[in-house]
**Student:** 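Handing you a structure now.
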Amino acid sequence: MKEKIKQLLEDVLPLVDLDSDFLFAELDSLGVTTIMMVLSNEFGIELEAVDATPRNLKNLDSIVAMVEAKLKQK
Amino acid sequence: MNSIEEYLRRDAELYPDKVAIICNDEQVTYRALWQRVERRATELAGRYRPGQVVVMRAAQSIDFLVSYFALHLIHAVALPLEQDIPQSAMDQVVERYSRFTAPDEVADILFTTGTTGRSKGVMVSHRTIVADGDNLVNALGVTRDLLFVICGPINHIGSLSKVYPVIMMGATLHILEGLKDLGAFFEALSNPHFARVATFLVPASIRILLQLASKQLAAMAPRMDFIETGAAPMPHSDMEALCRLLPSTRLYNTYASTETGIIATHDYSQPGDGYCREGCLGTAMCHSRFFITDEGHVACQGDTLMSGYADDEELTATVMRDDTVFTADNGRIDDKGRLWLMGRDDDVINVGGYKVAPTEVEDAALAFHGVEDCICICDPSPLLGNRLKLLVVKRPDVDFTTRELARHIATRLESYKVPQLYELVDTIRRTFNGKLDRKSYRK
C-alpha cells in the first residue's frame with residue numbers, strides 16, 4: 001500500500017520529497033488537491049477538505065493511515 | 001490623496017484601534033501599523049536612495065507589508081519576487097536593476113510574464129495604485145466593516161491590489177499562506193468580529209473549494225459579501241455551482257493585468273443576460289476605459305496603466321503608445337459596453353492564474369545534460385485545471401529520472417513554472433521553418 005501510494009504521488013508531484021517528515025510544509029494548494037484527488041480516484045474513497053489537515057498530510061505514513069481509515073469506512 | 005501611504009496615515013488618525021491586518025497569530029491596528037511603517041522607513045532611509053530598486057522576497061506577512069509601505073515613504077521602489085524564487089534567479093534580478101534609478105512617480109516594479117513570453121519588470125506608479133484601489137472600492141463595493149481574506153501570493157497583482165481598497169476604506173485584511181490549509185481559510189472567513197467577509201480567488205482555487213469543501217463554503221453563505229475572481233477563464237459549470245452554494249453573494253469576474261491595472265469587472269451572479277456567462281468581464285471601472293483594435297485585441301486607457309517596463313523603452317513601445325496599453329487578449333464589446341474575452345494570440349500558458357512562457361521552461365530544461373530537445377505544453381485536466389507538461393527527447397547515452405529533471409528546472413525557475421507532467425517522446429514536431437509547432441500540440 002505504502003509503495004503504491006508513493007509511486008502514484010511521485011508521478012504527479014515530481015518536486016515533492018515524499019520521504020519527508022514535513023510533507024505538508026512542502027506542498028502548495030494544488031499539491032494538496034492533487035493528493036486528495038489522486039487518492040480518491042485510485043481507492044474509490046471520499047476525501048474532503050476536513051481530511052486535508054497538516055496532521056493527515058504530515059508524511060507518507062500518515063497519508064497511508066488516512067487512506068486505510070477511509071477504506072475501512074467504506 | 002496621492003499615495004496609499006497617505007490613506008494609511010489617515011486611517012491611523014481616524015481609526016487608530018481598528019484592526020488593519022491579521023496574519024497567522026498576529027494582528028495589528030492601524031495605529032500600530034503606521035508606527036511600524038514610520039520606524040521601518042527611518043531604518044531604510046539610511047540604506048536606500050530615492051528611485052533605487054529594492055528587490056525582496058514577498059512573504060505572506062505583516063512585516064512584508066510594513067517594508068513595502070516604508071520603501072514607498074522614502075521614495076524607493078519595491079520589487080517583490082515570488083517567495084520561493086531560486087537565489088540565482090533573484091541575484092539576476094538584483095544585478096539587472098542595480099544601476100537603474102526609477103522615475104519619480106514609480107512605487108513598485110512587479111514581475112510578470114507578458115506577451116513576448118519573458119519575465120518583465122512592470123513599473124507601477126503611486127497614482128496607479130490609488131486608481132486601482134479606487135476602482136475596486138467602487139466596483140466591488142468595499143466597505144469599512146469588511147474583512148477581506150487573501151491567500152494568493154502578495155507579489156502578484158491579484159492579491160497585492162486587494163491591499164489598496166482595504167487601506168483606502170479603513171477595512172481589515174487577513175493574509176493567508178496559500179489555500180492548502182482549507183481549515184485555516186474557513187477559520188479566517190468565520191471570524192466572529194466581522195459580519196461581512198470577502199475574498200479573491202483565482203478560478204483554480206474556486207475549483208479546489210468546489211471539489212473538496214462545498215459544504216463548508218455553503219455554510220459561509222450568510223456572511224460572504226462577495227468573491228472576486230480573475231487572472232484566468234472560469235468554467236460556466238463552476239460559476240453555476242458557486243451561485244447555487246452562495247445565493248446572496250456577489251460574484252465578480254475581473255479583467256486586470258500588471259500592465260493595464262484593474263480595468264473592468266462583471267457580477268455573474270446577477271439575473272439577466274450576463275448570468276454565469278463565461279468570458280464576460282463587464283463594463284469599465286471609474287478610472288479605466290477600453291476599446292477593441294482593428295486586429296481584435298483589447299486596448300486599455302486610464303490612470304491604472306503601468307508607467308512602462310523598467311529600463312526597457314524599446315519593449316515598452318511594443319505594447320504602450322499614446323497613453324494606451326495594447327494587450328494580446330482577443331475581445332469584443334457588446335451593446336451594453338461590456339467586455340468579452342475570447343482567448344489570446346500568444347503562447348503563454350495560464351496555470352492557476354500564473355502566466356507561464358513555455359520558452360522559459362524549455363530553456364531551463366535544455367540546460368539539463370540529458371535533454372536533447374523538448375517542448376512545454378498545456379495539459380488541461382478537468383479535475384485539476386491547466387498543468388504544465390514537458391515532452392522530452394532524451395539523449396541516448398544519458399539516463400535520468402523525471403524527478404531529477406524537475407528538480408533541475410526548480411533550481412532555475414519559480415516552482416509554478418516547473419512542469420508536473422513529463423513524457424518521453426522520439427521527436428518534437430516543428431514547422432517548415434524549424435520553429436516548434438506549438439499549435440499542433442494544443443488540445
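Note on naming: letters A, B, ... go to the chains in the order of the sequence lines (proteins, then strands), and numbering restarts at 1 for each one.
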**Student:** A/S29: what forms a side-chain hydrogen bond (donor to acceptor under 3.5 Å, both in side chains) with it, not counting sequence neighbours?
**Tutor:**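 Scan of A/S29 (side-chain hydrogen bond (donor to acceptor under 3.5 Å, both in side chains), adjacent residues dropped) gives none.
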**Student:** Given a strict heavy-atom distance threshold of 4.5 Å, which part of B/Q420 is in contact with chain A: side chain, backbone, both, or neither?
**Tutor:**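 Contact with chain A is through both the backbone and side chain of B/Q420.
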**Student:** Among B/L182, B/L179, B/L212, whose side-chain contact (heavy atoms from CB on, under 4.5 Å) with A/T33 holds?
**Tutor:**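 So the option named by the test is B/L212.
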**Student:** Checking B/Y422 against chain A: side chain, backbone, both or neither under 4.5 Å from a heavy atom?
**Tutor:**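 The side chain, not the backbone.
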**Student:** Donor-acceptor pairs under 3.5 Å, side chain of residues 44-51 of chain A to any protein atom, not counting sequence neighbours: which ones?
**Tutor:**
{"residue": "A/D51", "atom": "OD1", "partner": "A/K70", "partner atom": "NZ", "Å": "3.3"}
{"residue": "A/D51", "atom": "OD2", "partner": "A/E48", "partner atom": "N", "Å": "2.8"}
{"residue": "A/D51", "atom": "OD2", "partner": "A/K70", "partner atom": "NZ", "Å": "3.3"}

**Student:** For chain A, which residues of residues 236-245 of chain B have at least one non-hydrogen atom nearer than 4.5 Å to it?
**Tutor:**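 Those residues of residues 236-245 of chain B which would need a heavy atom under 4.5 Å from chain A do not exist here.
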**Student:** Which residues in residues 10-24 of chain A have a heavy atom less than 4.5 Å from any heavy atom of chain B?
**Tutor:**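 Interface residues of residues 10-24 of chain A: A/E10, A/D11, A/V12, A/L13, A/P14, A/L15, A/V16, A/D17, A/L18, A/F24.
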**Student:** Taking atom CD as the centre, does B/E404 end up with more than 12 heavy-atom neighbours from other residues, nucleotides or ligands that are less than 6.0 angstrom away?
**Tutor:**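 Yes, the 6.0 Å shell around CD holds more than 12 heavy atoms from other groups.
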